[in-house]
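Here the structure comes first, spelled out in structure tokens, and everything after it is commentary.
Keep in mind that this is a model prediction, so the values were computed, not measured. Protein chains get the first letters and strands the later ones, always in sequence-line order, with residue 1 at the start of each.
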Number of protein chains: 2
Amino acid sequence: MAHTQTLLEKRERLLGPGNPLFYEKPVHLVRGEGVWLFDADGQRYLDCYNNVPCVGHCHPRVVDRLCQQAKLLNTHTRYLHENILDYAEKLLSKFDASLDRVMLACTGSEANELALRVARFNTGGEGVICTNATYHGNTRAVAQLNSIFEPFEGYGDDIRMVPWPDAYRAPDGLQGEALADAYAGKVREAIESFDQAGIRFAGMIVCPIFANEGLPAIPPGYMQKAIGYVRDAGGLYIADEVQAGFGRTGNWWGHQVTGVVPDILTLGKPMGAGHPISGVVARGELIDHYRKHEMYFNTFGGNPVSCAVAEAVLDVIEDERLVENAASVGRYVFDGFRGLQEKHDIIGDVRGNGLFFGIYLVTDRRRKTPAPAETKRIVNRLREKHILMSNIGEHDNVLKLRPPLCFSTDNADQLIGTLDDVLSSLQEQV
Amino acid sequence: MAHTQTLLEKRERLLGPGNPLFYEKPVHLVRGEGVWLFDADGQRYLDCYNNVPCVGHCHPRVVDRLCQQAKLLNTHTRYLHENILDYAEKLLSKFDASLDRVMLACTGSEANELALRVARFNTGGEGVICTNATYHGNTRAVAQLNSIFEPFEGYGDDIRMVPWPDAYRAPDGLQGEALADAYAGKVREAIESFDQAGIRFAGMIVCPIFANEGLPAIPPGYMQKAIGYVRDAGGLYIADEVQAGFGRTGNWWGHQVTGVVPDILTLGKPMGAGHPISGVVARGELIDHYRKHEMYFNTFGGNPVSCAVAEAVLDVIEDERLVENAASVGRYVFDGFRGLQEKHDIIGDVRGNGLFFGIYLVTDRRRKTPAPAETKRIVNRLREKHILMSNIGEHDNVLKLRPPLCFSTDNADQLIGTLDDVLSSLQEQV
């Protein structure tokens with residue numbers, strides 16, 4: 001603990017204050033393996049949070065490919081190299097045939113930056129729609145989409161934020177198709193408002209499973225209708241797959257959950273299992289038109305080491321059947337959470353797809369009143385019991401869980417059992 | 001060659017056309033070691049271009065640290081870890097004491113994005129000055145500074161481009177202090193024009209050795225005067241050290257060439273010897289003020305693997321005395337180029353610091369007429385003779401050389417001898 005204090009002081013002195021850090025009592029990690037993380041005291045934690053090491057922490061096949069290629073050559077794409085081509089081919093084979101080009105970069109912010117530029121260039125428009133409780137990255141243009149943290153520059157008039165579709169706390173008690181119509185209508189209104197302001201429309205960018213919004217159950221038909229309006233107005237659908245991609249939802253891609261194929265999509269976090277690689281995948285004509293007019297070069301993007309690592313990640317996901325595992329263990333965990341919901345009133349709603357869950361905590365089930373203070377206590381209590389997760393959502397009251405995709409039913413039992421204990425002890429205290 | 005054709009076709013099909021590539025006959029590289037690169041036919045090339053592998057291609061100490069840490073743990077900065085702190089401390093010790101905070105990201109574009117946001121937030125200004133023949137990255141906000149490639153969005157009214165200081169083709173035959181005054185006067189005029197337009201001034205961003213501009217000899221006193229105007233007007237000096245940093249100039253940092261300490265500086269390319277890591281170093285108060293108000297998080301930025309690699313790069317630079325090597329071998333190469341200049345009329349000017357050179361090629365020495373076509377031929381001819389370099393500058397007529405910092409006098413002899421041969425054969429042909 002004295003050591004933790006030293007690290008915290010050093011961190012503030014060297015990196016500045018306000019550097020985001022998890023937990024009241026931060027965790028000092030030194031080692032990772034599979035779904036496990038180990039702290040400096042040798043304590044083991046079950047990682048229920050980290051989607052970046054999607055194949056498990058320090059997967060030997062991924063590390064081996066990294067080391068082999070790093071020993072051999074690491075250079076940029078102004079020379080020819082096979083790794084980027086082998087990877088691009090394998091990656092694109094996982095998508096709908098219409099999505100047949102890829103551009104590589106290093107971070108999710110870079111991918112979303114590029115996707116916005118490609119969309120705006122191709123449509124000649126400026127107006128972009130996002131949701132009112134989201135985050136897409138940290139560059140100036142992308143920060144314009146951040147409804148969770150308002151950028152200091154303020155918002156431009158080329159952004160419209162629409163309410164994310166929420167079947168749990170639906171407005172006016174709407175359900176089913178009427179609810180989908182109501183939310184999609186907000187997208188239509190946003191497009192109309194661009195029109196009225198004389199701002200040409202470029203498209204809509206959303207996480208296809210609305211992860212930052214708290215993983216709501218999406219009203220059936222919503223995406224079809226909303227994207228229908230977008231396309232009718234000449235706009236493009238950009239799916240931010242930085243969190244949702246690479247098997248997370250029990251499908252290869254998050255957009256498969258609703259079945260609406262995007263025009264452009266962005267990839268990041270789990271793409272290199274922690275190695276900085278990201279990408280933009282799109283319909284060929286969009287990328288070709290952009291590339292013909294705009295010089296795009298990214299010094300580290302698509303280098304032989306990054307591509308070797310990313311290819312190893314794809315190989316492991318396939319060979320270890322991690323998409324299937326996310327689907328089946330995901331269902332098991334989901335059922336377990338539903339069981340906890342029957343027992344604990346604080347659980348208002350359980351959402352998710354594959355191995356990505358949101359547990360919506362409420363102080364009052366009937367009124368569905370968000371419980372942010374309790375959520376924070378639970379996250380910290382679980383950390384004490386060596387289970388790592390975090391919280392998200394408009395009201396910070398949604399437990400956020402996205403463990404490595406190699407999560408097992410044994411891991412699930414530990415998670416569900418510990419969460420049960422923590423929720424029970426919380427009730428006793430109250 | 002059939003294979004090269006296959007790779008080119010695959011590249012266009014998967015990545016789109018217009019992907020930047022070097023040479024009329026592209027090089028297909030498979031291995032790197034020290035200053036050497038090897039192609040698929042086993043042919044060896046002397047790398048006189050790549051600054052990213054600053055310690056030499058695939059340096060064993062860097063690769064070892066990479067592999068060791070990748071096997072152990074790779075996670076983000078929301079948990080405590082010592083690597084980022086050890087690295088930050090070692091890195092900051094290389095700077096003037098006023099530069100005492102660092103923020104880590106993954107690419108030079110991200111670093112310049114962040115630097116602009118930090119500068120604009122701290123000054124409350126929008127207006128930024130850059131030069132009229134530069135490139136600082138590929139995001140929308142940073143692309144506004146790209147005078148080499150005009151962004152499709154066009155330029156905003158918050159950007160002013162000033163002529164880069166050019167002692168070789170000086171206007172009106174000005175020299176010495178008068179020349180420095182003339183160029184610095186352009187900075188003062190730009191600040192005045194922001195004032196007249198009612199745009200609050202934020203600062204000036206330049207590469208401290210004007211690398212993209214063609215590495216001109218900077219008129220003595222220019223930077224002092226120009227930055228004097230910037231600071232008098234409440235603006236900040238951002239030094240883009242992405243190319244100039246980490247020993248390249250025979251100093252640790254490019255800004256040491258003119259001796260003007262920046263308020264903010266950005267690091268990239270050689271920082272991780274190819275591993276994607278970048279950073280913003282600044283006066284503590286600037287970063288602290290920014291961090292207190294703006295949430296900045298970068299998923300891969302500052303992760304334990306990146307920091308281990310970057311620390312190994314610093315250690316190798318120190319232990320192998322690469323800054324000193326850049327200075328001494330740099331002088332040797334420079335003298336060699338000056339020798340070639342006496343022999344070959346096409347060499348109008350030789351510039352550079354440390355192991356970063358620009359050879360300004362002209363068709364007419366007296367008129368100093370740029371020779372872009374000849375420059376291109378020479379670059380391609382040298383590639384045939386297994387020497388890799390490229391060209392830059394407003395007119396694409398400056399041979400650009402920035403070999404790994406472990407470049408030796410033997411390497412220099414090979415470079416100078418081959419360049420001599422190519423220039424001679426060029427003359428014979430003409």
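Neither the backbone nor the side chain of A:Asp39 comes within less than 4.5 Å of any heavy atom in chain B. Contact annotation for B:Pro60: neither backbone nor side-chain heavy atoms come within less than 4.5 Å of a heavy atom of chain A. Using a 4.5 Å cut-off between heavy atoms, B:Asp64 makes no contact with chain A at all. With a 4.5 Å cut-off on non-hydrogen atoms, B:Ile277 touches chain A through its backbone but not through its side chain. The contact between B:Ala143 and chain A is made entirely by side chain atoms (from C-beta outward), counting heavy-atom distances below 4.5 Å. Residue B:His76 touches chain A through its side chain alone, counting heavy-atom pairs closer than 4.5 Å. There is no contact between B:Tyr87 and chain A, counting heavy-atom distances below 4.5 Å. Neither the backbone nor the side chain of B:Val305 has a heavy atom closer than 4.5 Å to any heavy atom of chain A.
Every residue two or more places apart in sequence or in another chain was checked for a side-chain hydrogen bond (donor to acceptor under 3.5 Å, both in side chains) with A:Asp100, and none qualifies.
Chain A forms the most heavy-atom pairs under 4.5 Å with one residue out of B:Phe297, B:Phe121, B:Phe38, B:Tyr23, and that residue is B:Phe121. Of the listed residues (A:Pro276, A:Pro304, A:Gly18), the greatest number of heavy-atom pairs within a distance under 4.5 Å of chain B belongs to A:Pro276.
The side chain to side chain contact (heavy atoms under 4.5 Å, CB included) with A:Leu85 is formed by just one residue from the set B:Arg13, B:Arg11, B:Glu9; it is B:Arg11.
Among residue pairs with one or both ends in residues 101-120 of chain B, those qualifying as salt bridge (Lys or Arg N to Asp or Glu O under 4.0 Å) are A:Glu153-B:Arg117, B:Arg101-B:Asp288, B:Arg117-B:Glu294, B:Arg120-B:Glu126, B:Arg120-B:Asp158; sequence neighbours excluded.
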Exercise. Is there a side chain to side chain contact (heavy atoms under 4.5 Å, CB included) between B:Val27 and A:Leu80 once you walk through the steps?
Worked result: CA-CA 6 Å; B:Val27 188; A:Leu80 291 175; over 6 Å; no
